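First up is the structure itself, then whatever we jot down about it.
Quantities reported herein were computed from a predicted structural model and do not represent experimental measurements. Residue numbers run from 1 in the order of the sequence given.
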Amino acid sequence: MTDLAQWLAAETDTEGLAGVITAMAAAGAEIAAVLRAAPIAGQTGLAGATNVQGEAQKALDVISNDIVLNHLRANPATSILVSEELDEAVHLAPEGSLMVATDPLDGSSNLDVNVTVGTIFSVLAASGGMLQKGRAQLAAGYIAYGPATSLVVRLTGRTSVFCLDDKGHWVQVVAAAAVPASSGEFAINTARERFWDEATRRYVAENVAGETGPAGKRYNMRWVGSMVADIHRILMRGGIFLYPLDSETLANGGRLRLLYEANPMAWLIEGAGGLSTTGHENILDVEPTHIHQRIPVILGSADEVHRVERWYRQG
Ligand code: AHG
Ligand code: MN
Ligand code: MN
Ligand code: MN
C-alpha cells in the first residue's frame, strides 16, 4: 500500500509543497482525535464569539483553527494563512513561499449531532498575493471526519484518497478518484426553493420528474449540510452539489466562500474528471476580490453540470 509520503514524493519535488500538505494532514489527524472526544469533553457547543462571516463560532471551529495554525507555524514553507475563522490573513514564516487558505472546520452545524464534518485547504504561491484565481492552485485537499478519517488531495495531477490507519499513517485507498460523468443523485437545500432562480428551479424540476420527465431517469436527493460530506460522496460515486446564487444570498454574492470552500473543492473535483460552475463560468476562473468572498457553487458529474449551465444560458 502506498502511503502519503511516497505519493507526495512521486507527485512533487517541491519540498515545501510536500511539507505543507503533510502539515495539513497532521493537523487533520489531531482534529480527528479532538472531535472523537468532543462530546465527552463538552466541546460541541458555542464559543461565545461571532466570526467575520457573522456566524456564531463553535468552540471546535476555534480549536480546529488553532490546531491548523500550530501545524503551519511549525512549517517553514507557509508565509500566509487565510482562514474562515480569522478576520485578516496571518503572516507566518517570512521566508515561506506558500499561502494556505483554510476552512478549519466545515459543516460545524453538524458537530453536536455526530455527522461527518471536515477541514478544507487550498495551497497557492504566496508570490501571487492572496487574491488569485483557483486555477493558480498548487494543491488542494480536505480531511473528512467520518466513519473513517479520509484525506483527499490533489497537486496538479489526479485527485487521490488516503485513510488514517490505527497507527496514524495515511494509507492510499484510491490512487485516482473518478467522478462518473452521469449520475442519479443531486444535493441541494430544497428548503430554499422559494429563493431559487429559474435555472435552478428548472434543473431540479427535471430531476424530480424522474423516469417519465425530460431527464428520463430516476433521481435521489441527498443534503448533509456539510460540504465536505456531500462532496466526498460525489467524488466517490458521482452526483452534483448545488448552492446556487438565490434571491436571499444575492446581496452577499452567494453562501459558500471562494478561497477556502469553492476553489479547493472545484480543484479536487476537476482532478477527478468532474466540473464546476458558478452557473455562468468555471469556479476556477473567478477573479477573487476579497479573502472572504462568497460565490455560487455548482459542481460534480460533468453531464449534470452541463445541464445546469444550459439552463443558465437560456437566462
Ligand atoms: P461552515 O460550517 O464551514 O460554516 O460551512 C457550512 C456550509 C457547508 O458546509 C454546507 O454545505 C452549507 O454550509 C450548508 O448550508 P445550509 O445550512 O444553508 O444548508
Ligand atoms: Mn462557519
Ligand atoms: Mn465550510
Ligand atoms: Mn467552517
Side-chain angles (χ1 to χ4, degrees), residues 20 23-75 78 80-92 99-122 130 141-146 149-151 164 189 191 223-232 243 248-249 251-265 290-295 297:
V20 167
M24 286 307 300
E30 188 175 340
I31 292 169
V34 167
L35 293 178
R36 277 195 295 274
I40 298 166
Q43 287 172 315
T44 56
L46 293 174
T50 302
N51 64 14
V52 68
Q53 323 285 340
E55 301 166 338
Q57 274 179 321
K58 294 284 178 64
L60 289 165
D61 280 323
V62 178
I63 292 166
S64 301
N65 188 68
D66 290 346
I67 290 172
V68 167
L69 203 45
N70 292 340
H71 282 268
L72 291 182
R73 272 198 212 291
N75 178 274
T78 313
I80 305 171
L81 173 66
V82 166
S83 166
E84 177 198 349
E85 303 306 335
L86 298 171
D87 299 12
E88 306 296 333
V90 172
H91 292 276
L92 300 173
M99 167 187 144
V100 173
T102 187
D103 178 353
L105 201 55
D106 171 70
S108 39
S109 65
N110 285 308
L111 283 168
D112 42 359
V113 293
N114 197 28
V115 166
T116 295
V117 294
T119 297
I120 309 170
F121 63 92
S122 169
M130 289 182 238
Y142 61 78
I143 299 99
Y145 309 110
T149 300
S150 300
L151 166 69
L164 194 61
N189 180 341
W223 185 254
V224 182
S226 175
M227 188 184 197
V228 166
D230 283 312
I231 300 299
H232 196 65
Y243 213 118
E248 193 180 56
T249 62
N252 290 330
R255 164 75 172 77
L256 300 176
R257 286 56 61 111
L258 178 59
L259 263 61
Y260 40 81
E261 288 174 317
N263 273 342
M265 289 309 197
H290 64 91
I291 60 172
H292 297 298
Q293 174 179 351
R294 294 172 189 261
I295 193 88
V297 178

Worksheet entry | Pairs meeting criterion side-chain hydrogen bond (donor to acceptor under 3.5 Å, both in side chains) with involvement of residues 101-120, two or more places apart | D61-S108, T119-Y145

Worksheet item: Side chains of I63 and I67: does their closest heavy-atom pair fall under 4.5 Å?
Response: yes

Discussion item. Is the shortest side-chain heavy-atom distance between W223 and N189 below 4.5 Å?
Written reply: yes

Worksheet entry | Residue pairs involving residues 40-54 (criterion salt bridge (charged side-chain N to carboxylate O under 4.0 Å, His left out); sequence neighbours excluded) | none

Discussion item. Less than 4.5 Å apart, side chain to side chain, heavy atoms only: is that true for I80 and H91?
Written reply: yes

Worksheet item: Which atom names give the shortest non-hydrogen contact between S226 and V117, and what distance separates them?
Response: OG-CA, 3.6 Å

Practice prompt. Return the minimal non-hydrogen interatomic distance between L258 and P264, and the atom names on each side.
Written response: O-CD, 4.0 Å

Response to the item:
For T44 and K58 the tightest heavy-atom approach is O-CD, 4.1 Å

Worksheet, complete the sentence: Note: F121 and L151 closest approach over all heavy atoms is CE2-CD1, 4.3 Å

Worksheet item: Nearest 0.5 Å, what's the NE2-OH distance between H232 and Y142?
Response: 5.0 Å

Item to complete: Report the C-alpha distance between V82 and L86 in whole Å, list the side-chain angles of each, state the deciding distance to 0.1 Å, and finish with yes or no for side chain to side chain contact (heavy atoms under 4.5 Å, CB included).
Response: CA-CA 7 Å; V82 166; L86 298 171; over 6 Å; no

Discussion item. To the closest 0.5 Å, what do you measure between CG (L105) and CD1 (I120)?
Written reply: 9.5 Å

Worksheet entry | Heavy-atom side-chain proximity of V297 to M227 below 4.5 angstrom | yes

Practice prompt. Answer whether the closest heavy-atom distance between the side chains of V228 and I143 falls below 4.5 Å.
Written response: no

Item to complete: Kindly compute the distance separating CG (L256) from CD (Q293), expressed to the nearest 0.5 Å.
Response: 12.5 Å

Practice prompt. Starting at CG of L60, measure out to CG of L46 and round the result to the nearest 0.5 Å.
Written response: 10.5 Å

Item to complete: Could you tell me whether the side chain of M24 reaches within less than 4.5 Å of the side chain of H71, counting heavy atoms only?
Response: no

Worksheet, complete the sentence: When R257, E85, E84 are each screened for side-chain hydrogen bond (donor to acceptor under 3.5 Å, both in side chains) with Q53, the one that passes is R257

Item to complete: Please round to the nearest 0.5 Å and tell me the distance separating atom CZ of R255 and atom CD of E261.
Response: 7.0 Å

Worksheet item: Do you know which two heavy atoms are closest between A27 and V68, and how far apart they sit?
Response: CB-CA, 4.1 Å

Worksheet item: Would a distance-only check, ignoring hydrogens and angles, find a side-chain to backbone donor-acceptor pair under 3.5 Å from H292 to L259?
Response: no

Discussion item. Would you compute the distance between atom CG of N75 and atom CG of N70 and round it to the nearest 0.5 angstrom?
Written reply: 12.5 Å

Worksheet item: Shortest non-hydrogen contact from A29 to L164?
Response: CB-CD2, 3.9 Å

